[in-house]
Each structure stands twice: as structure tokens, then as C-alpha cells.
Amino acid sequence: MALTGASGASEEADADSRNKPFLLRALQIALVVSLYWVTSISMVFLNKYLLDSPSLKLDTPIFVTFYQCLVTSLLCKALSTLATCCPGTVDFPTLNLDLKVARSVLPLSVVFIGMISFNNLCLKYVGVAFYNVGRSLTTVFNVLLSYLLLKQTTSFYALLTCGIIIGGFWLGIDQEGAEGTLSLMGTIFGVLASLCVSLNAIYTKKVLPAVDNSIWRLTFYNNVNACVLFVPLMVLLGELRALLDFAHLDSAHFWIMMTLGGLFGFAIGYVTGLQIKFTSPLTHNVSGTAKACAQTVLAVLYYEETKSFLWWTSNLMVLGGSSAYTWVRGWEMQKTQEDPSSKEGEKSAIGV
């Protein structure tokens, strides 16, 4: 169950897959990809309900995010305890809160807080159908920050795909405005979320050694730090007062939905690692792009929305640009592996 290294997991999966019949491998991959899709899409729709439901009327997005981090922290600790008490039941690292390690992880935790908070704030103010386009600049920020922070260059073809994504993003904003559904605040939060996702990916690599390169230990410390830092933030924003005045505070249904949101938040980390293990990082990116397309179509159907041809074009540009970028980077990495003497190509192919 532990995600202790994507490359090691991929190598083990490749070794196992060679010993299994093709039909069994295909069935496993189909089940894992389906699990990823169901978990990810369900989490988005559930978060939209918690953040912006007319029936709930709960205006505490930071508290919703705080509660999800709390559930994730408790689940990590529970699985760690189970692994210690019952060896062999689950494969999970031992988690003991070390304040020194928590301080080492703190700078990344601040970025992590920005990432999950801006994601939820974006979802609160924009529709689920526009949510993917609103946060579509992650790839662009990956390229930009990799150059500014890591001095890694990017090929012309990869930059061209980024241009397609930016074009789709602006066309999507234009069409949302033409339909009268554009939320400037939600769009700004989406851009900030994209920036934080890119920063999180870059700084995670630097912080991982502090937690023995364990993704689950990093998840635990990030969520514990987030729970502590969210408390003063909720006080400053007046969310505790709003929560006390909330009409459904004693509703079992509300707390079940909140806890379910936390469970999905925890599960998405596991199923993401599972999908990478049984396929590859490249296939995972392609699956994520296809999932975003399905999520957009489902949102339009579920909320009974009518969208213009240009609105759909903007989504296709974003999804197509993202898929093209994934393909270009995969091709460049393969080319670099075939020609290891090309140092410049290696520098360009890693990390973006």
C-alpha cells in the first residue's frame, strides 16, 4: 500500500507483468484506471457540493480543507499503527511525529496549503465544467519554474504545446464571459492553484530526503502542518463564527459527507500511485487528461448546462495541448535514453 518510490514500484510492476497472462494484465490495468477515474471525479463533485451547495449554504472553504487534511492525517496514523501492530496486514511506513522533521517539511507545507486551498476556492467559484480549464496552466508553470529555479531548458515542440494550452485557457475565459458565467475570483484562484501545484512538484523532490524518501511520511507531515496552520487562518477569516452559525452543524449527513470528502482526498494519493505502478507515469498523465475530458462532459450533463462550440473548442485545446506535451516529453526522454551522450537533451527532458 505504501508509495515509497515510483521508479521502484514501476520496475516491480514490469517484472510481475511479464509473468502474468495478457488478459489478466489488461483486466488489472482497466480496474486500476477505472478506480482512479471514479475516485478523482467523485472527489471533485463531492467537494463542489460541500463548497457551493445551495442546500448547505456553507461558506467556510478553509474549514472544509482543514477537515479533509485532518481525516488524511488520522488515516495515515491509523494505517501506520495497524502495520506496526499487525505486520503483514498492510505495507505502510512507521509514522512518529518528529518536530524537527515537521520544521524541515514546513516550507513545502506552506506551498501544499496554497495548492489545496486555491484548488478548493477555485472549485467554489467556478463550475465543475470549467474547473479543468481554470486550472490548466500547471504545465505552463512547470516549464517556466523549471527554467527559473532549476535552469532546465524546454524544447520548441514542448513550448508549442504550452502555447496551445494558453490559447485554450484564454478562449475558455472569453466564452465563460460571453455566457455570463465567468468568475474572475475563481479564475484567479485557478491560476494560483496551478502555480502552487508546480511549486509543490519541484520542492517535493528537495524535501523527500528529510522523510526517508517516503511519499506517505511526506503526506502525513504535510497534512499535520496544514491542520496547525489552518486554525489561525480560519480565525482570521471568521470561519469559526460562520461554522457556529451553520444550520446543519448537528446533521449526521453533513459530517458523513465531510468525512467522505476526506476519505476521497486520502484515496486519490493511493490510487494515483497504484495507476503509475500498474501502467507508467506517461500513461498516468494520459489517463488524467482523458479523465478531465470525461469529468467535463459529466458536469455539463449533470448540471444541464448548454455550452457553445467555441467553449468546447477551448476545452479541446487545453486537453489536446496537455496530451501533446506529455507525448513530446515522453518522446524526448526516450530519445535521451537511447543517446545518453546527449547531456543537454538529458537536462531538458528531466523534471518538467
Side-chain angles (χ1 to χ4, degrees), residues 3 6 40 44 65 69 105-123 126 130-155 157-170 172-173 186-210 215 218-219 221-223 225-226 229 265 268-269 272-273 276 281-282 284-289 291-292 317-330 332-333 347-352:
L3 304 177
S40 182
V44 171
T65 312
C69 290
V105 177
L106 186 58
L108 175 63
S109 297
V110 173
V111 176
F112 172 74
I113 288 171
M115 179 181 72
I116 58 178
S117 298
F118 289 136
N119 267 324
N120 277 349
L121 286 168
C122 174
L123 185 57
V126 305
F130 184 69
Y131 183 55
N132 180 60
V133 173
R135 301 178 309 116
S136 61
L137 296 183
T138 300
T139 300
V140 178
F141 281 122
N142 280 345
V143 172
L144 182 61
L145 293 176
S146 293
Y147 177 74
L148 293 176
L149 301 179
L150 306 177
K151 306 303 179 184
Q152 292 177 350
T153 57
T154 305
S155 69
Y157 292 110
L159 291 175
L160 192 61
T161 62
C162 290
I164 296 173
I165 295 172
I166 294 173
F169 174 76
W170 283 112
I173 291 176
T187 303
I188 292 173
F189 285 137
V191 173
L192 291 174
S194 300
L195 174 62
C196 288
V197 169
S198 299
L199 286 172
N200 185 75
I202 291 173
Y203 284 109
T204 291
K205 295 180 181 179
K206 296 183 178 182
V207 174
L208 269 174
I215 293 295
L218 183 60
T219 298
Y221 278 103
N222 262 339
N223 282 276
N225 283 342
L229 294 175
I268 192 64
T272 296
I276 293 173
L282 182 64
H284 167 66
N285 288 337
V286 173
S287 173
T289 302
K291 185 273 303 181
M317 288 176 67
V318 166
L319 296 172
S322 300
S323 298
Y325 178 84
T326 299
W327 182 84
V328 167
R329 300 310 285 177
E332 289 175 350
M333 292 182 72
K347 182 183 290 185
S348 174
I350 295 175
V352 179

Non-hydrogen atoms of [X] and [Y] that approach each other most closely:
{"X": "F141", "Y": "S198", "result": "CB-OG, 3.2 Å"}
{"X": "G172", "Y": "V133", "result": "CA-CG1, 4.4 Å"}
{"X": "F112", "Y": "C69", "result": "CE2-SG, 4.3 Å"}
{"X": "S146", "Y": "I202", "result": "N-CD1, 4.3 Å"}
{"X": "L106", "Y": "L229", "result": "CD1-CD1, 3.9 Å"}
{"X": "M317", "Y": "G167", "result": "CE-C, 3.6 Å"}

Inset, instruction - Apply side chain to side chain contact (heavy atoms under 4.5 Å, CB included) to the pair R329 and T154, showing each step before the final yes or no. - result: CA-CA 9 Å; R329 300 310 285 177; T154 305; 3.9 Å; yes
Inset, instruction - Verify side chain to side chain contact (heavy atoms under 4.5 Å, CB included) between V143 and Y325, making sure each step is shown before the conclusion. - result: CA-CA 11 Å; V143 172; Y325 178 84; 3.7 Å; yes
Do [X] and [Y] touch side chain to side chain, with heavy atoms closer than 4.5 Å?
{"X": "T187", "Y": "F169", "answer": "yes"}
{"X": "I173", "Y": "F130", "answer": "yes"}
{"X": "L208", "Y": "I215", "answer": "yes"}
{"X": "L218", "Y": "L108", "answer": "yes"}
{"X": "C162", "Y": "T139", "answer": "yes"}
{"X": "L195", "Y": "V191", "answer": "no"}
{"X": "Y131", "Y": "C122", "answer": "yes"}

[atom2] on [Y] to [atom1] on [X], rounded to 0.5 Å:
{"X": "R135", "Y": "F118", "atom1": "CZ", "atom2": "CZ", "result": "13.5 Å"}
{"X": "I165", "Y": "S194", "atom1": "CD1", "atom2": "OG", "result": "10.0 Å"}
{"X": "K206", "Y": "L150", "atom1": "NZ", "atom2": "CG", "result": "6.0 Å"}
{"X": "L199", "Y": "L149", "atom1": "CG", "atom2": "CG", "result": "7.0 Å"}
{"X": "T272", "Y": "I268", "atom1": "OG1", "atom2": "CD1", "result": "4.0 Å"}
{"X": "L192", "Y": "M115", "atom1": "CG", "atom2": "CE", "result": "13.5 Å"}

Is the backbone of [Y] close enough, under 3.5 Å, to the side chain of [X] for a donor and an acceptor to pair up by distance?
{"X": "T289", "Y": "L319", "answer": "no"}
{"X": "N200", "Y": "C196", "answer": "no"}
{"X": "T161", "Y": "A158", "answer": "yes"}
{"X": "S136", "Y": "V318", "answer": "no"}

Legend entry - Pair V126-F189, side chain to side chain contact (heavy atoms under 4.5 Å, CB included): steps then yes or no: CA-CA 10 Å; V126 305; F189 285 137; over 6 Å; no
Legend entry - Check against side chain to side chain contact (heavy atoms under 4.5 Å, CB included), V328 and S155: CA-CA 9 Å; V328 167; S155 69; 4.1 Å; yes
